[in-house]
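Here's the structure, in structure tokens; my notes come after.
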Amino acid sequence: MTEEEVALAVKDIIQTVAPDEDVSGLDPDVRLREQIDLDSMDFLDIVMELRKLYGVQVPEEDYKELATLDGCVRYLHPKLTSKSLHCAANA
Amino acid sequence: MDAIVIGAGMSGLAAALRLALHGKSVTLLERHSLWGGLNSFYTLRGRAYDVGLHALTNYVRPGTRGAPLTRLLRALRIRHEELCLVEQNGSEIVFPGARLAFDNAPARLAAEVERAFPGQGEGFARLSEWVRAFEVREDREPPPSARAVLAEHLSEPLLREMLLLPVLFYGSAREHDTDGQTFAILFRALYLEGLARPDGGIRTLLNLLVKRVKQAGVELRLSTGVRRILVERGRVQGVELDSGEVLSASIVFSSAGWVETLRLAGQSVPRADHGRISFLESIWVLDRPAHALGHRAATTFFSLDERPAYRSPRELVDPRSGVLSSADNFGPVHVGRAEARGELRVSVLASHGAWCALSADDYAVAKERAADAAAAAAVAVTADFRPHRVDRDVFTPSTIERFTGHAGGAVYGSPRKHLDGTSGIDGLVLIGTDQGYLGVIGALVSGVTMANRHVLASERSGAAEAFA
């Protein structure tokens with residue numbers, strides 16, 4: 001996956017977890033929490049989808065890396081280079 | 001398997017779905033051949049009926065932040081539009097000499113209070129603020145009496161009775177009064193958020209949940225009753241089915257009720273914990289929509305007395321107060337569709353003991369008579385719908401007990417609630433009515449919250465920090 005694809009994958013997972021939210025206009029360097037009504041359970045859902053779809057384990061101490069969309073891409077890209085994009089929302 | 005869920009009602013479906021979305025393997029057991037529990041549906045003489053007051057409380061528009069409905073849909077990954085919710089066209093509370101209308105805009109009720117009870121508007125505004133600020137907390141006892149909360153804010157006794165009656169009828173397991181927390185939850189659900197109905201009735205919602213539950217990989221077993229909950233040294237081991245089959249799991253969620261769950265686990269609970277509130281419900285199929293007869297309220301809470309008695313009556317039924325609800329009064333009213341059928345349901349308090357004491361012959365006659373008495377009371381507050389009867393079905397506390405397994409037909413369960421879901425037995429978690437959230441939305445929230453808390457929360461601490 002390219003960085004753009006990782007961003008797509010993350011947005012797609014957020015869309016799955018929060019089906020009523022519009023994720024198309026997310027600002028990449030503003031905290032997700034400030035743009036979308038997500039709580040800690042929702043966040044856990046996102047981490048769980050990453051594991052289910054891409055086999056990526058995010059240890060608890062790294063959760064803070066995922067606070068923004070840019071943060072997600074920076075953190076996840078190295079782990080996803082060899083993976084191909086799935087569409088969770090359409091699964 | 002990871003978890004067993006007893007009962008495929010709203011709370012059981014929600015708990016099973018929530019766990020399965022997190023990759024847990026779940027078996028959902030339902031004694032009946034159909035899902036739904038206290039909010040189910042059936043077909044009789046070719047007509048579709050719903051069970052229960054048929055409206056969803058807590059209605060908010062899509063995307064309303066922080067609201068229970070929004071949080072719930074998120075947790076179950078359901079889009080708002082999938083519920084096909086249609087808003088009420090307004091409801092009313094009718095007492096001798098006073099009438100209050102309310103709808104999904106809270107300002108309407110505030111204005112009605114000031115109109116009908118000049119000078120009480122300010123107290124009502126303070127009460128609404130108190131409710132908005134109320135937090136559900138497990139670590140302290142809620143205010144013991146809703147009546148006391150009302151009296152702190154409103155000096156007019158009739159107004160207090162009028163605001164309390166819908167709250168009691170919508171979900172109080174306790175007679176005469178309810179605690180401050182139940183009051184706050186239901187006040188918000190009814191008056192500050194509001195009512196809506198899935199187009200097509202409760203089956204729209206139930207069938208959506210069942211579809212998702214199956215897609216998520218839950219094993220749903222219908223016509224599968226639980227004979228015993230297996231406990232060893234204070235810890236749950238699994239369940240034994242009516243067939244004798246044993247299923248093992250380290251956690252069991254039970255929506256059977258507090259009294260019923262403990263009974264399945266071989267323990268008994270004090271008599272005072274048994275719920276007594278039950279209803280006689282008559283569903284009238286009419287030859288035209290209720291609004292064509294001049295009955296325009298989605299829900300009418302009525303009392304023929306200034307001080308209604310909310311308790312299990314000494315007689316079979318107490319028709320002097322009750323609830324009228326009509327599915328016809330949600331969404332656009334199509335004038336000129338006179339050929340369409342209508343529906344009006346009348347719910348009044350009923351005594352389980354009195355109904356159980358009847359012989360089979362007397363029971364059938366008493367049922368029709370009690371439904372007639374309830375209708376006679378209802379037409380004191382609305383148009384006479386009786387000549388427009390096409391069909392009618394009536395159910396009693398015995399019917400409720402038979403189909404839901406709730407002891408004594410106690411629709412709102414035990415007066416003792418268990419907000420944290422704990423049962424005193426490790427790994428046995430209460431969900432649904434006796435966990436303590438109320439109504440259709442409350443039951444779903446109960447399933448989700450308890451699944452989060454008792455299974456998923458262990459993974460959660462870091463998430464809270466990173467995301468705060």
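Since we're looking at a predicted model, the values are computed, not measured. Lettering of chains follows the sequences in order, A, B, ..., and the numbering in each one begins at 1. Just so it is clear, the values below take in all heavy atoms, side chains as well, and ignore hydrogens, waters and symmetry mates.
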Examine whether an atom of B/Leu76 lies under 4.5 Å from a heavy atom of chain A, and if so say whether it belongs to the side chain, the backbone or both; otherwise answer neither. neither
Side chain, backbone, both or neither: which part of A/Asp42 has a heavy atom under 4.5 Å from chain B? side chain
Applying salt bridge (Lys or Arg N to Asp or Glu O under 4.0 Å), run through A/Glu21 and B/Arg79 and close with a yes or a no. CA-CA 9 Å; A/Glu21 297 282 350; B/Arg79 277 176 295 121; over 6 Å; no
Is any NZ, NE, NH1 or NH2 atom of the basic residue among A/Asp37 and B/Arg71 found under 4.0 Å from an Asp or Glu carboxylate oxygen of the other? yes
Residue selection (most heavy-atom pairs with chain A, distance under 4.5 Å) from B/Arg18, B/Glu82, B/Gln215, B/Glu81: B/Arg18
Between B/His22 and A/Glu49, is there a side-chain heavy-atom distance shorter than 4.5 Å? no
Smallest heavy-atom separation, A/Leu38 atom then B/Arg74 atom, equals CD2-NH1, 3.6 Å
Closer than 3.5 angstrom, by distance alone: can the side chain of A/Asp20 be matched with the main-chain N or O of B/His80 as a donor-acceptor pair? yes
pair A/Lys52-B/Leu21: side-chain heavy atoms closer than 4.5 Å: no
Specify the closest pair of heavy atoms between B/Arg77 and A/Asp45, including all atoms of both residues, with the distance to one decimal. NH2-OD2, 3.3 Å
